[in-house]
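Just so we're clear, the structure is a prediction, and the values are computed from it rather than from any experiment. A note on names: the letters A, B, ... follow the listed sequences, proteins ahead of strands, and every chain is numbered from 1.
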There are 2 protein chains.
Amino acid sequence: MSYRQAMGRPKQFDEDTAIAQAMQVFWTNGYAGSSPAELAEAAGIGKGSLYHAFGSKRELFGRALDAYDRTGAELIEELLSGPGSTKECVRTYMTTLVDTDFDAPVRRGCLAVNTALELGGRDADVALAVRRLTDRGVDLLAARIERGRLEGDVPASMDAGAQARFLVAAMAGLRVMARTYDRDAVLKVVDTTITTVFGA
Amino acid sequence: MSYRQAMGRPKQFDEDTAIAQAMQVFWTNGYAGSSPAELAEAAGIGKGSLYHAFGSKRELFGRALDAYDRTGAELIEELLSGPGSTKECVRTYMTTLVDTDFDAPVRRGCLAVNTALELGGRDADVALAVRRLTDRGVDLLAARIERGRLEGDVPASMDAGAQARFLVAAMAGLRVMARTYDRDAVLKVVDTTITTVFGA
DNA sequence: CTGATATTTGACCTCTGATTCAAGAATATC
DNA sequence: GATATTCTTGAATCAGAGGTCAAATATCAG
């Protein structure tokens, strides 16, 4: 069946684009630090339209977090399925995240980490969303390590799940560290992490 | 020389006590989330007195962060100078922090970590303060590991400084994780961390 | 007691945040 | 064209934030 134009005045902006813009604002300024006025301006629409389309700041944030989840998962998959050993892949993954952060004009870290800290304790729905997002990352990492284990890339004794959880937690820590230390300091810790987990 | 009572009406509250109360509020609600009204009420004084004594919310926060620094350093020293092997000491240190967090009615993590994320990117002074505070922790941990190295507690090949930096970053990650995961999940990662660093 | 100095207080002020809304604009159906 | 429906917008609303201030209060020095 063919879709006919919906009745009424047609939307003059794309929701997904608006969400992507809002995501950038939330990512840079945090939830509380992002005003409806800013969000609307970034999306190129009026405040009213924003509320009409998304209901509330909180709902918009939920959508932005979902979008972040999707693009983030894509990036991890891409980086972990690249060439090289397990160790090299994981190192590339970690250094890429760190470098991307430092290459940006503002150090904004990871939206999930920022959100966990800002809202994780007060908003159960957000906490669950962040947890799901984190679990996804853990699973992808675990799968890559397990692959390495089967291929003889990493010791057969390694617990892929445990190491994956550990690495994701470590990444969160690096994201925090990146707020107050410089690139070199953070990259050195990446090095220590990789060496400690996978051996010299 | 003896101190005479200063001229004028004497202060009716203790600054350090007020700072300690303010620290609790900032710790629980974050910087932006703590209103002058709340801070004054927690300190048991009027808003006016608070501004008279501390100048601004920002300055009060600086003092609160200093207080946190001092008490935090004391705790680390105490835990790391306890009995047991290096591995046991570090484990005790990490589990104590995690347990303390989960035993509290609200999960508020570590004020330094929270601050790094909330203000680290925008306020250079705060970033420096957090960095100093972190460095202090790193140094104390490094000293304990170095002691273990000399006592044969840990492998002679271990780089105490690098491992200390790594452990502090990992702790930051655990603090983030504690916002969205439960106690068991976090303690398991502590276990993985300790085992990975110090061996099984 | 009379200043002089410091502290305390809540009322007050200004600004911004999140949200709602009435009016207008663009499209569909008939 | 008339009517229904949906989207757009900035003005209006209400609350709360951060900060200031004058008046009241409590101590000093002479």
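A salt bridge is absent between Lys188(B) and Asp182(B); no separation between the charged side-chain nitrogens and carboxylate oxygens falls under 4.0 Å.
Taking the six-membered ring where the residue is Trp, Tyr31(B) and Phe26(B) present parallel rings, their angle staying beneath 30° rather than reaching 60°.
The number of heavy-atom neighbours closer than 6.0 Å to CD of Glu146(B), taken from other residues, nucleotides and ligands shown, is above 12. More than 12 heavy atoms of other residues, nucleotides or ligands shown are found within 6.0 angstrom of CZ on Arg58(A).
Nearest to the side-chain atoms of Lys47(A) among the listed nucleotides dT8(D), dT19(C), dA4(D) stands dT19(C). Looking at the side chain of Gln12(A), the nearest of the listed nucleotides dT8(C), dC7(D), dT20(C) is dC7(D). Distance from the side chain of Met7(B) is smallest for dC28(D) among the nucleotides dC28(D), dA17(D), dT9(D). Closest approach to the Tyr51(B) side chain among dT9(C), dT20(D), dG17(C) is made by dT20(D) (side chain taken as heavy atoms from C-beta onward). With dA4(D), dT8(D), dA18(C) as the candidates, the nucleotide lying closest to the side chain of Phe13(A) is dT8(D).
Atom-to-atom, CZ of Phe54(B) to P of dT20(D) comes out at 16 Å; the value is rounded to the nearest Å. Atom CG of Leu39(B) and atom P of dT8(C) are 16 Å apart (whole Å). Rounding to whole angstrom units, CG of residue Leu50(A) and P of dC7(D) are separated by 14 Å. Remark: C1' of dG18(D) and CD of Glu41(B) are 17 Å apart, rounded to the nearest angstrom. Note: CZ (Arg58(B)) to P (dG19(D)) measures 11 Å, nearest angstrom. Regarding Glu38(B), its CD atom lies at a distance of 18 Å from the P atom of dA15(D), rounded to whole Å. The CG atom of Leu60(A) sits 11 Å away from the P atom of dT19(C) (whole-angstrom rounding). Following rounding to the nearest Å, Ile45(B) (CD1) and dG10(C) (P) show an atom-to-atom distance of 11 Å.
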task: For the pair Thr86(B) and Arg144(B), evaluate side-chain hydrogen bond (donor to acceptor under 3.5 Å, both in side chains) and give the outcome as yes or no after the intermediate values.
output: CA-CA 7 Å; Thr86(B) 303; Arg144(B) 182 62 187 83; 3.0 Å; yes
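Between the side chain of Arg9(B) and the base of dT8(C), no donor-acceptor pair of N or O atoms lies under 3.5 Å.
For the OP1/OP2 pair of dC7(D) and a distance below 4.0 Å, the side-chain nitrogens and oxygens of Ser49(A) include no atom meeting the criterion. Regarding contacts with the backbone of dC7(D), a side-chain N or O of His52(A) is found under 4.0 angstrom from either OP1 or OP2.
Mapping Gly8(A) and Ser35(A) onto DNA chain C by nearest heavy atom places Ser35(A) at the nucleotide closer to the 5' end.
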